[in-house]
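Inspection log for the structure reproduced underneath, given as structure tokens.
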Amino acid sequence: MPRESKRARRERAIEMCRRMGELYPDVESALNFTTPFEMVICVLLSAQTTDVAVNKVTPELFRRWPDAASMAQANPAQVEEVIHSLGFFRSKARHCVEAAQMIVADFGGEVPSTMDELTRLPGVGRKTANIVLNKAFGIVDGIAVDTHVYRIATRLRLTKAPTPLAAEQDLLDLLPHELWGPVNEQWIHFGRDTCTAQRPKCDGCPLSDICPSAFKAEGNPRATKRCATKKEG
């Protein structure tokens with residue numbers, strides 16, 4: 001099979017984004033939040049768990065500690081009690097309190113709106129910061145590459161990067177800036193609906209003609225195994 005040029009790969013990536021826009025034109029965050037501070041906390045809590053699970057604990061969490069000033073005064077053990085149903089709840093509770101304390105001490109109680117400042121907050125990496133900037137401030141400074149985005153980008157052979165963080169740089173290089181904003185939410189929905197981790201629905205997939213990993217699910221178990229066992233980052 002001939003090596004694909006970067007230009008051809010970019011054209012595929014852009015066409016993929018166009019089709020995702022048709023499939024998910026008005027997609028919104030599944031996390032329930034009303035302020036930038038709530039957005040930070042929601043994304044912190046969402047690691048290694050579902051948005052549905054996060055939405056179950058945040059009403060009580062924000063009733064008790066509605067802003068950075070109040071959360072900064074919380075005892076992490078009290079936060080643990082509210083979010084104990086989530087994975088890694090102890091470290092998440094600590095990060096929530098420490099992030100709130102830094103927001104109060106270093107940013108006057110207001111969530112900062114730059115990548116450099118956000119990634120200073122405990123528990124906030126580039127992926128989290130990208131989501132907060134995009135959803136809370138309408139700022140597009142990159143692409144939040146989670147396991148869904150990383151899996152899809154790898155299967156579409158848009159990246160060979162060993163980590164989601166490195167994969168983001170490949171996507172930023174391929175896609176024009178005006179396409180960065182909706183990638184995370186649209187690809188997450190696509191990853192849940194169609195390009196799933198274990199049983200991707202390649203038959204009937206709207207990207208099958210531009211996906212090098214596509215296969216006919218029925219009658220091709222070897223291909224199914226090859227695609228389904230691709231590791232996520």
Show your working on side-chain contact (heavy atoms from CB on, under 4.5 Å) between His95 and Leu121 and close with a plain yes or no.
-> CA-CA 8 Å; His95 285 152; Leu121 300 178; over 6 Å; no

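Contact annotation: the side chain of Asn184 never approaches that of Asn134 to less than 4.5 Å [non-hydrogen atoms, C-beta and beyond]. In this structure the side chain of Thr34 never reaches within 4.5 angstrom of the side chain of Phe62, judged on heavy atoms. With contacts defined as side-chain heavy-atom distances shorter than 4.5 Å, the pair Ile152/Met16 qualifies. Looking at heavy atoms from C-beta onward, Ile143 lies in side-chain contact with Leu175 at the 4.5 angstrom threshold. Using a 4.5 Å heavy-atom cutoff, the side chains of Asn130 and Met115 are in contact.
Nearest heavy atom pair, residue Arg64 against residue Gln78, reads NH1-O, 4.3 Å.
The backbone N or O of Asp116 lies less than 3.5 Å from a partner atom in the side chain of Thr119, making a donor-acceptor pair. Within the 3.5 Å criterion, the main-chain N or O of Leu158 finds no donor-acceptor partner in the side chain of Arg12.
When the shell of 6.0 Å around CD of Glu178 is examined, it contains more than 12 heavy atoms from other residues, nucleotides or ligands. Within 6.0 Å of the CD atom in Glu11, the count of heavy atoms belonging to other residues, nucleotides or ligands exceeds 12.
Side-chain contact annotation: His189 with Arg192, donor-acceptor N/O pair under 3.5 Å absent.
Interatomic distance, CG of Leu207 versus CE of Met20, reported as 4.0 Å (0.5 Å rounding).
Classification of the Phe89-His84 ring pair by plane angle, with boundaries at 30° and 60°, yields perpendicular.
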